[in-house]
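This report concerns only the one structure given below.
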Amino acid sequence: MTLQKVVPLIFLVSLTFTAGLLMNRAAMIDTIKRVGVLLRALMANFVIVPALGVLVAYAYHLTDSVAAGLLLMAMAPGVPFILLAG
């Protein structure tokens, strides 16, 4: 694996882990029980939002650095909530 593949993976795992630490046990159990909501959230976080990030980057012909920042935020699950909680 190259550094370009490892760093985003570490970034995503650490953000997801941080979000998990901000939840209490009762909220986690309640979320796991609601499978439909959980699957829709996973689809939105890992498929729809990153795809929209790519579309926005192409549609607005963003510079490489701005596009990279936008795509990193689009790939990170729950970024707005993590930023607000921190």
Side-chain angles (χ1 to χ4, degrees):
M1 286 187 109
T2 63
L3 188 62
Q4 289 83 6
K5 291 182 181 179
V6 172
V7 170
L9 179 63
I10 292 171
F11 181 70
L12 287 172
V13 169
S14 65
L15 282 176
T16 305
F17 184 70
T18 302
L21 289 176
L22 295 173
M23 292 181 67
N24 61 23
R25 186 175 296 188
M28 278 184 158
I29 291 171
D30 184 47
T31 302
I32 291 170
K33 287 181 182 177
R34 296 169 31 192
V35 176
V37 173
L38 184 60
L39 291 176
R40 286 193 303 264
L42 289 172
M43 180 68 96
N45 276 318
F46 293 108
V47 178
I48 296 170
V49 174
L52 288 174
V54 170
L55 290 174
V56 167
Y58 279 121
Y60 288 102
H61 305 289
L62 300 175
T63 63
D64 290 344
S65 58
V66 174
L70 175 72
L71 294 177
L72 282 172
M73 288 188 62
M75 290 184 328
V79 167
F81 304 111
I82 292 171
L83 292 176
L84 290 175

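Basis for what follows: all heavy atoms, side chains included, without hydrogens, waters or symmetry-related copies.
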message = Nearest 0.5 Å, please: how far is CE in Met75 from CZ in Phe46?
response = 10.5 Å
Pairing residues for [X] by the side chain to side chain contact (heavy atoms under 4.5 Å, CB included) criterion, not counting sequence neighbours:
{"X": "Asp64", "answer": "none"}
{"X": "Ser65", "answer": "Thr63"}
{"X": "Thr31", "answer": "Met23, Leu38"}
{"X": "Leu62", "answer": "Ala57, Tyr60, Val66, Ala67, Leu70"}

Hydrophobic cluster (4.5 angstrom, side-chain heavy atoms) - remaining members for [X]:
{"X": "Leu3", "value": "Val7"}
{"X": "Phe17", "value": "Leu21"}
{"X": "Leu39", "value": "Val35"}
{"X": "Val47", "value": "Met43, Ile48, Leu52, Leu55"}

remark   = salt bridge (charged side-chain N to carboxylate O under 4.0 Å, His left out) pairs touching residues 12-30, sequence neighbours excluded, are Asp30-Arg34
task = For Arg40, enumerate each residue passing the salt bridge (Lys or Arg N to Asp or Glu O under 4.0 Å) test, keeping only those at least two apart in sequence or located in another chain.
result = none
ask   = Gly53 and Ala74: which non-hydrogen atoms are nearest, and at how many Å?
value = CA-CB, 4.2 Å
